[in-house]
Amino acid sequence: MEIRLADGGDPLSGVTMFAGLEPEVRQRVLAAAVPRTFKRGQLLFVENDPGDSLIVLKRGAVAVFRTSTSGERAVLSVVRPPDVLGEVSLLDGSARSASAEAIESCQALALSRGAFMELVHANPRILDAVMRSLGGLIRRLTEQNADHVFLDLPGRVAKTLVRLAGESMAPMVTIELNQSQLAEMAGGSRQSVNQAIGSFAGRGWLRTEGRRIVISDLIALRRRAGMPDR
Ligand SMILES: Nc1ncnc2c1ncn2[C@@H]1O[C@@H]2COP(=O)(O)O[C@H]2[C@H]1O
């Protein structure tokens, strides 16, 4: 049976983990995958839930976060297609290492641990992609650790904005994010993040428009974040 999403596109197109699979294996992945949709604000899973599936994000955006005992959130990353979620517990069989919330409405495919393991046994090449994905996660964690040691809060705010702007070379980049979300991502209080944004705005590097931040000088932000010019 051929499985397709409502938009008629190939549900696995662009998903790095399944790139280059033979058509039969691809069909087996699709047959084992369950389409899921998540509304904005809906939790995909919560830290310590059983880690029973891999989630392949097809559309939308998901914030991965941890919550402190006092209820504060620290956003670890924002996942967008073609990234996957849930590879950590899938591999070690433990509980979810973090929570995940849809910050835009999402379409995804869920692949159960059992189905994933069967596919791995039938096609060990899938593990190459899993290893790449884990390697990427470890690199991000290393960088986040270094940022917390070497960058002050405005530096981390600048770096978060540069990351959210992605590879854009456009003269103006608009980011849909309020200042609480930015504070959760940069690892600071809302007040100090507001101060940093105010000081960047005063230098003409960006401006805020309600929930939006419009960046007009990415190079200045890269320098403030200690990143090399491109
Ligand atoms: N520090 C992090 N940065 C980015 N993604 C993470 C981080 N920690 C966990 N994740 C992702 O969030 C998921 C939470 O559930 P899992 O532990 O199954 O798999 C985890 C990864 O996919």
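Whatever order the structure lists them in is the order used to number ligands and atoms, beginning at 1.
- Side chains of Ser89 and Arg96: a donor-acceptor N/O pair is present below 3.5 angstrom, by distance only.
- Each of the following atoms of ligand 1 lies closer than 4.0 Å to a heavy atom of Phe45: 14 (C), 15 (O).
- Salt-bridge formation is detected for the pair Arg224/Asp152: a Lys NZ or Arg NE/NH1/NH2 atom is positioned less than 4.0 Å from an Asp or Glu carboxylate oxygen.
- The protein heavy-atom contact nearest to atom 1 (N) of ligand 1 is Leu141 CD2, 2.9 Å.
- Looking at Ser77 against ligand 1, only its side chain comes within 4.0 Å, counting heavy atoms.
- Each of the following atoms of ligand 1 lies closer than 4.0 Å to a heavy atom of Glu87: 19 (O), 21 (C), 22 (O).
- Looking only at protein heavy atoms, the nearest one to atom 15 (O) of ligand 1 is Arg96 CD, 3.3 Å.
- At the top of the distance list for atom 9 (C) of ligand 1, counting protein heavy atoms only, stands Ser97 OG, 3.5 Å.
- A distance-only check finds a donor-acceptor pair linking the side chain of Arg113 to the backbone of Leu90 [under 3.5 Å].
- Between the Ser216 side chain and the Gly204 main chain, a donor and an acceptor come within less than 3.5 Å of each other.
- Heavy-atom proximity to Arg140, at under 4.0 Å, picks out these atoms of ligand 1: 4 (C).
- Close contacts of ligand 1 with Ala98, meaning ligand atoms under 4.0 Å from a residue heavy atom, involve 14 (C).
- Looking from atom 16 (P) of ligand 1 to the surrounding protein, the closest heavy atom is Ser89 OG, 3.5 Å.
- Taking atom 8 (N) of ligand 1 as the reference point, the nearest protein heavy-atom neighbour is Leu76 CD1, 3.9 Å.
- Using a 4.0 Å cut-off between charged nitrogen and carboxylate oxygen, Glu101 and Arg40 do not count as a salt-bridge pair.
- By the 4.0 Å N-to-carboxylate-O rule, Arg222 lies too far from Asp229 to be salt-bridged with it.
- Note on Glu143 versus Arg163: salt bridge recorded, some NZ/NE/NH1/NH2 to OD/OE distance being below 4.0 Å.
- Interface atoms of ligand 1 facing Leu85, defined by a heavy-atom separation under 4.0 Å, are 22 (O).
- Remark: the backbone N or O of Thr174 is not paired with any side-chain donor or acceptor of Arg212 at under 3.5 angstrom.
- Under the 3.5 Å distance criterion, the side-chain polar atoms of Ser192 are left unmatched by any main-chain donor or acceptor of Gly188.
- Shown in contact with Leu137 at under 4.0 Å from a heavy atom are these atoms of ligand 1, numbered in order with element: 2 (C), 3 (N), 4 (C), 5 (N), 6 (C), 7 (C).
- Residue, atom and distance of the protein heavy atom nearest to atom 12 (O) of ligand 1 are Val64 CG1, 3.4 Å.
- Ligand 1 has a nitrogen or oxygen under 3.5 angstrom from a nitrogen or oxygen of Gly86.
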